[in-house]
Amino acid sequence: MQRRYLKLIICALSALIAWAILPGTFIDRGLFSLTARSFAEKPFFIAGTGIHKSAYTLRTLKRKNASSSTPLPEIAITDDPDRVFQTSPPSPVDFAVILINLRRLGRDSVAIGMPLAWQQTDIISLMALDQQLDTLASVVTAAPLSRGAVPSPLPPAFRRASIALSNINGNTRNLPLVNRVAIPDVVLGNKSSLAGFTLLESEPDGGLPYLIARWDDRVVLSFALLAALANHGISPDNIEIRMGEFISFAKDGLFIPIDEFGRLTFAPPSSDSSAAIPAETLIDAPDDLLADQRAGTVLIRDGMSAADISSMRFSEALIPTVSLLADPSATLISKPFKRIPLVYELLLIASLICLLLGLENLPKICTRRALIILAGIFVILHFILVRGTGTWPPTLPALAAILAAIALRVGRDIVPIILVTHTE
């Protein structure tokens with residue numbers, strides 16, 4: 001009788017030690033990862049530590065049906081019917097005035113989603129624009145890219161925002177190839193500006209926006225992707241790209257699903273263009289104009305009626321695309337797996353210990369088989385419960401108690417054999 005209660009104490013201690021120590025460890029996280037593989041589509045990401053205050057959360061990528069997200073502040077370059085600016089479209093000096101007023105309104109992170117190019121302009125106007133671009137804490141400029149027979153050097157602003165091809169995971173042979181800026185003499189900024197592509201003229205418009213393209217031994221990023229990075233203050237050097245899987249901004253953070261061609265796997269939702277603030281209204285705007293707008297980067301887009309069809313399509317899709325890429329919840333499906341309350345976990349462990357005590361009444365061979373079968377049942381129930389109920393049961397403590405019982409039973413069977421052998 002004393003031996004039975006000693007076994008009971010050992011099994012209970014094994015379960016309680018596992019219950020107190022294992023949650024949040026690599027063993028517990030490894031079991032959760034193994035369990036998730038049985039029902040979740042890869043790639044998936046695990047957040048949380050598995051303790052009661054920080055339950056595991058399984059995040060899987062959305063492959064379709066993008067959800068809407070809070071749009072970033074939007075400034076539209078309109079036809080300027082009141083002729084507030086010097087010219088229409090705005091001259092370099094007019095753009096400099098727009099940037100000055102955005103800084104006055106408390107925004108120093110700006111993404112300009114239209115090429116800054118003029119056929120005829122003076123050096124002083126360009127210098128004024130360059131000066132204002134350099135005063136911004138973060139600026140992203142844009143230009144369309146194409147592929148020609150004679151390649152051009154990668155512009156500094158595009159190079160600063162590019163990633164070495166060797167740092168890309170997976171097959172990059174399907175990436176679109178580019179080797180020149182489609183618009184000559186486009187202003188991309190000077191010291192620290194980053195440049196992304198608006199359109200890839202060599203690629204057909206299939207409805208899914210390209211996020212990356214290849215220029216020689218570098219991978220250049222789209223304007224929309226760079227604007228989303230700027231919104232979170234993340235450098236292009238800190239992102240991870242896995243072809244055909246995702247672009248990751250940060251660990252347990254933003255994950256963007258991409259296909260093998262470097263495109264977003266679904267079309268962004270449509271947006272209401274009426275929310276755009278006309279650029280000409282910034283000059284006399286009150287200082288709190290953008291106070292109720294989403295914090296982060298301000299987007300400037302082309303809203304003129306004379307824009308060509310491809311530029312107009314890009315401009316209309318710009319705000320929902322960048323807002324989608326900048327929102328962690330927009331491209332991920334998150335499902336929490338909470339642990340059951342402490343009291344119920346302890347009651348389940350206590351019930352298991354009583355069951356193990358009851359198995360002691362069985363013959364030796366039957367006891368071993370029963371314990372092995374019991375362990376298998378617990379493992380099967382574990383996978384069923386996790387998937388079906390979205391909870392994280394105390395499987396490891398239960399298995400620790402069962403394994404302790406098996407070890408004690410095996411030890412009782414081996415020790416007499418060792419003693420007899422030693423005596424002989």
Side-chain angles (χ1 to χ4, degrees), residues 71-105 107 109-122 124-130 132-133 136 139-144 181-189 195-199 201 205 209 222-224 227 268-290 292-294 297-323:
L72 271 67
E74 174 186 3
I75 307 298
I77 304 298
T78 67
D79 293 331
D80 189 17
D82 297 328
R83 296 294 181 264
V84 174
F85 294 128
Q86 290 183 355
T87 61
S88 181
S91 67
V93 171
D94 294 327
F95 266 99
V97 172
I98 293 173
L99 298 180
I100 289 173
N101 281 278
L102 284 177
R103 291 178 58 208
R104 176 180 64 84
L105 296 174
R107 299 302 180 101
S109 178
V110 179
I112 306 173
M114 56 185 297
L116 300 176
W118 295 268
Q119 293 182 351
Q120 294 180 349
T121 188
D122 59 279
I124 296 178
S125 297
L126 291 176
M127 290 178 59
L129 176 58
D130 283 339
Q132 293 306 317
L133 289 173
L136 295 170
V139 59
V140 179
T141 55
V181 178
I183 299 177
D185 301 324
V186 63
V187 176
L188 298 175
F197 61 82
T198 54
L199 305 170
E201 294 189 348
D205 183 10
S222 72
F223 171 82
S270 59
S271 67
D272 183 10
S273 59
S274 63
I277 300 173
E280 59 269 20
T281 63
L282 296 178
I283 297 177
D284 297 325
D287 293 344
D288 61 350
L289 176 67
L290 302 177
D292 58 344
Q293 297 278 341
R294 176 174 170 177
T297 299
V298 174
L299 294 178
I300 299 178
R301 69 169 184 87
D302 189 351
M304 294 183 293
S305 59
D308 59 85
I309 295 178
S310 58
S311 297
M312 189 176 297
R313 287 178 180 174
F314 170 79
S315 180
E316 291 174 352
L318 180 59
I319 297 299
T321 301
V322 178
S323 300

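As the structure is a prediction and not an experimental result, all values here were calculated from the model.
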As a quick check of understanding, evaluate side-chain contact (heavy atoms from CB on, under 4.5 Å) for R301 and M114, giving each step before the final call. CA-CA 6 Å; R301 69 169 184 87; M114 56 185 297; over 6 Å; no
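Side-chain contact between D122 and L126 is absent, with no heavy-atom pair separated by less than 4.5 Å. Taking 4.5 Å as the limit, some side-chain heavy atom of T78 sits within range of a side-chain heavy atom of E280. The shortest side-chain heavy-atom distance between L102 and L290 falls under the 4.5 Å cut-off. When side chains are defined from C-beta on, I283 counts as touching V84, because their heavy atoms get closer than 4.5 Å. The shortest side-chain heavy-atom distance between T141 and F223 does not fall under the 4.5 Å cut-off. V110 has its side chain out of reach of L299: every pair of non-hydrogen atoms, C-beta onward, lies at least 4.5 Å apart. Annotation: side chain of I98 is in contact with side chain of I77 (closest heavy-atom distance under 4.5 Å). Contact check for P320 versus P71: no side-chain heavy atoms found under the 4.5 Å cut-off.
Judged by distance alone, with hydrogens and angles left aside, the side-chain atoms of D94 form a donor-acceptor pair with the main-chain N or O of S91 at under 3.5 Å. A distance-only check finds no donor-acceptor pair linking the side chain of S315 to the backbone of S311 [under 3.5 Å]. Side-chain N or O atoms of D79 include none that pairs as donor or acceptor with a backbone N or O of P81 at under 3.5 Å. In this structure, the side chain of S323 engages the main chain of I319 through a donor-acceptor pair within 3.5 Å. Between the side chain of R107 and the main chain of L99, no donor-acceptor pair closer than 3.5 Å is present. A distance-only check finds a donor-acceptor pair linking the side chain of D302 to the backbone of M304 [under 3.5 Å].
Residues satisfying the side-chain contact (heavy atoms from CB on, under 4.5 Å) criterion with I100, sequence neighbours excluded, are Q132. In this view, R103 and T135 satisfy the side chain to side chain donor-acceptor pair (under 3.5 Å) rule, not counting sequence neighbours. With sequence neighbours excluded, no residue satisfies side chain to side chain donor-acceptor pair (under 3.5 Å) with D288. Among residues two or more places apart in sequence or in another chain, the side-chain contact (heavy atoms from CB on, under 4.5 Å) test is passed with S222 by F197, L211, A224, L225. Applying the side chain to side chain donor-acceptor pair (under 3.5 Å) criterion to T297, with sequence neighbours excluded, gives S109.
The two atoms that bring A128 and A96 nearest to each other are O-CB, 3.9 Å, heavy atoms only. Contact record, P115 with A143: CG-CA, 4.4 Å, taken as the closest heavy-atom pair. Across every non-hydrogen atom of A276 and A76, the tightest pair is CB-CB, 3.8 Å. For the residue pair G113 and F314, the shortest heavy atom distance occurs at O-CE2, 3.4 Å. A pairwise comparison of heavy atoms in P90 and F85 identifies CG-CD1, 4.1 Å as the closest pair.
A side-chain contact (heavy atoms from CB on, under 4.5 Å) with N101 holds for exactly one of L289, L282, I75; it is L282.
In this structure, D292 places its CG atom where more than 12 heavy-atom neighbours from other residues, nucleotides or ligands lie under 6.0 Å away. The local environment of CZ in R104 is crowded, with over 12 non-hydrogen atoms from other residues, nucleotides or ligands closer than 6.0 Å.
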Considering only distance and modelled atom types, tabulate donor-acceptor pairs under 3.5 Å from the side chains of residues 181-189, sequence neighbours left out.
none

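Between the side chains of S88 and D80, no donor-acceptor pair of N or O atoms lies under 3.5 Å.
Note that OG1 of T281 and CG of D284 are 9.0 Å apart. Values are rounded to the nearest 0.5 Å.
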